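Reading through the structure tokens given below for one structure.
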There are 2 protein chains.
Amino acid sequence: MTFSEENYLKTIYHLTTLLDSEISTNAIAEKMETKASSVTDMLKKLSEKNLVNYKKYQGVSLTDKGLHSAKMIVRKHRLWEVFLVDKLDFAWDEVHDIAEQLEHIKSEKLINKLDEFLNFPTEDPHGDPIPNAEGMIVKVEKQLLSELTEKQAGVCVGVKDTSSEFLQYLDKQEIALGSKIEVMSKESFDLSLKIKVGNKELMISNKIAANLFVKKV
Amino acid sequence: MTFSEENYLKTIYHLTTLLDSEISTNAIAEKMETKASSVTDMLKKLSEKNLVNYKKYQGVSLTDKGLHSAKMIVRKHRLWEVFLVDKLDFAWDEVHDIAEQLEHIKSEKLINKLDEFLNFPTEDPHGDPIPNAEGMIVKVEKQLLSELTEKQAGVCVGVKDTSSEFLQYLDKQEIALGSKIEVMSKESFDLSLKIKVGNKELMISNKIAANLFVKKV
DNA sequence: ATAAATTTTTAGACAAAGCTAAAAATTAAA
DNA sequence: TTTAATTTTTAGCTTTGTCTAAAAATTTAT
């Protein structure tokens with residue numbers, strides 16, 4: 001499988017987890033910053049290889065084979081991210097682009113040895129689940145901080161947006177995976193929140209809250 | 001730089017360390033298992049980019065820029081090999097193909113962090129030197145076991161042939177980097193050697209001896 | 001229900017990196 | 001030194017993955 005094929009599969013996989021329906025050509029093109037015509041070409045090719053179900057004008061979905069391949073790519077990406085943060089001491093906002101390259105390294109033995117070396121982590125540095133060698137994913141029941149109501153509290157277990165800006169904002173506010181967050185009050189006008197992290201109180205916009213996953217406690 | 005360009009540079013570098021003269025198109029083609037015409041095409045391209053000195057029919061050599069790039073690729077290859085053997089517990093005959101992929105990952109920060117994580121090794125698992133971040137190589141004065149005369153002894157510091165067959169042969173004979181090898185006698189007919197490794201004596205062919213580097217003691 | 005807007009596909013081109021076959025240059029041999 | 005053998009380059013074709021522009025299908029809106 002080529003890098004390009006792998007990138008398409010991964011993108012279709014990610015879009016599927018968001019929308020859980022047939023994925024449109026345009027949606028893929030937009031996410032990959034390429035042209036719809038290029039996407040069509042690749043979909044035909046992936047379809048030939050039985051990696052996707054594709055019918056002209058009808059959108060696309062992953063076959064079992066395609067889903068498994070996609071999960072293995074995601075597995076590699078996230079394991080390498082853990083390696084970079086836990087072993088090489090990278091910050092969580094620096095690892096995406098490097099993992100984007102490392103995810104294409106082909107060696108089952110390598111990735112399983114790496115998994116073992118990292119002590120079989122179940123989540124990457126952003127809180128996203130790591131499929132195991134069989135492709136199984138352990139789902140943590142999590143919700144967006146923006147979904148909590150006043151007086152509810154949760155532990156930060158992940159982020160939706162993984163951009164450097166957002167991650168660095170969190171670092172600045174000393175919000176990390178594992179931090180306990182309590183919703184003190186919620187402004188009905190703009191849905192901004194007053195929250196308590198550790199023993200500090202701060203105001204955050206709804207946009208921030210809508211990109212932070214918490215597990216209710 | 002593309003993977004292909006990097007592979008050509010690396011090959012030219014390796015051939016240069018063996019022959020230290022202008023490298024022929026055919027030599028490159030043979031080493032890379034490709035056609036001379038493909039090599040010519042690439043040499044033109046690398047020449048355009050000022051990575052090699054190339055004059056039609058005259059062979060090729062690396063420019064300073066090309067030499068530095070080649071060394072950085074070799075550096076990455078060898079550091080990843082150390083990682084695979086030391087950290088992930090691969091055998092020394094299993095790492096080449098994976099390192100061949102990993103050497104193309106682009107991130108200076110990654111490779112320098114990896115270097116640090118591995119505690120700045122100076123040699124890979126086969127005894128080949130690892131260029132430092134500036135491209136400097138610490139040369140160990142070593143020679144082939146086949147060059148030793150009767151009664152001389154040396155410590156195994158590297159291998160010339162890195163094929164699985166050879167490395168597994170060495171494993172079987174319990175010869176590893178650091179093993180002390182003493183030449184007991186040398187057969188003038190076929191140049192085979194009787195050697196002592198640890199407290200075991202064994203017979204080895206000249207071909208074996210000519211692929212083992214030792215440092216005289 | 002039909003026209004307008006949008007989405008998707010097709011057709012045709014291009015760059016990268018490879019190949020084959022033929023031509024040109026170099027080297028070796030008679 | 002001229003011919004023969006070898007090496008290297010050129011020319012032209014192929015595949016992969018991209019693009020633009022135009023055509024076709026679908027969806028939305030009047």
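Everything numeric here is computed off the predicted structure, so don't read it as measured data. A note on names: the letters A, B, ... follow the listed sequences, proteins ahead of strands, and every chain is numbered from 1.
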* Asked: So, the side chain of B/Ser205 versus the backbone of B/Ser192: is there a donor-acceptor pair under 3.5 Å, distance only?
  ->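 It does not hold such a pair.
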Under 4.0 Å: is that the gap between some side-chain N or O of [X] and OP1 or OP2 of [N]?
{"X": "B/Ser37", "N": "D/dT10", "value": "no"}
{"X": "A/Lys35", "N": "D/dT18", "value": "no"}
{"X": "A/Lys56", "N": "C/dT10", "value": "yes"}
{"X": "A/Tyr54", "N": "C/dT9", "value": "yes"}
{"X": "B/Ser4", "N": "C/dG18", "value": "yes"}

* Asked: With respect to the side chain of B/Thr40, which nucleotide from C/dC19, D/dT8, D/dC19 is positioned closest?
  ->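 Shortest atom-to-atom distance from the side chain points to D/dT8.
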* To do: Using a cut-off of strictly less than 4.0 Å between a heavy atom of the residue and any atom of DNA chain D, enumerate the qualifying residues of residues 5-28 of chain B by number.
  =>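 Close to the strand are B/Ser24, B/Thr25, B/Asn26.
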* Check against salt bridge (charged side-chain N to carboxylate O under 4.0 Å, His left out), A/Glu123 and A/Lys142 -> CA-CA 13 Å; A/Glu123 279 160 39; A/Lys142 60 186 181 184; over 6 Å; no
Please tabulate the protein-to-nucleotide N/O contacts below 3.5 Å involving nucleotides 1-4 of chain C, giving atom names and distances.
none

* Asked: In a check of side-chain contact (heavy atoms from CB on, under 4.5 Å) between B/Pro131 and each of B/Thr122, B/Ile137, B/Leu79, which one passes?
  ->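 Running side-chain contact (heavy atoms from CB on, under 4.5 Å) over B/Thr122, B/Ile137, B/Leu79 with B/Pro131 returns exactly one hit, B/Ile137.
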* Checking side-chain contact (heavy atoms from CB on, under 4.5 Å) against A/Leu62, which of A/Val52, A/Leu46, A/Asn53 comes through? ->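 The single option meeting the side-chain contact (heavy atoms from CB on, under 4.5 Å) with A/Leu62 is A/Val52.
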Contact check, side chains of [X] and [Y], non-hydrogen atoms, under 4.5 Å:
{"X": "A/His96", "Y": "A/His126", "answer": "no"}
{"X": "A/Ile111", "Y": "A/Asp115", "answer": "no"}
{"X": "A/Lys44", "Y": "A/Thr40", "answer": "yes"}

* List the steps and the verdict of side-chain contact (heavy atoms from CB on, under 4.5 Å) for A/Ile98 and A/Phe90. => CA-CA 11 Å; A/Ile98 302 176; A/Phe90 275 82; 3.8 Å; yes
* Starting at the 5' end of DNA chain D and moving along, which residue's nearest nucleotide shows up first, A/Phe3 or A/Gln58? ->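 Checking each residue's closest nucleotide, the 5'-ward one belongs to A/Phe3.
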* Starting at OH of B/Tyr57 and ending at C1' of C/dT27, how long is that distance when rounded to a whole Å? ->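 Going from B/Tyr57 (OH) to C/dT27 (C1'), I get 13 Å.
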* Charged tip of B/Lys87 within 45° of B/Phe117 ring normal and under 6.0 Å ->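 Yes.
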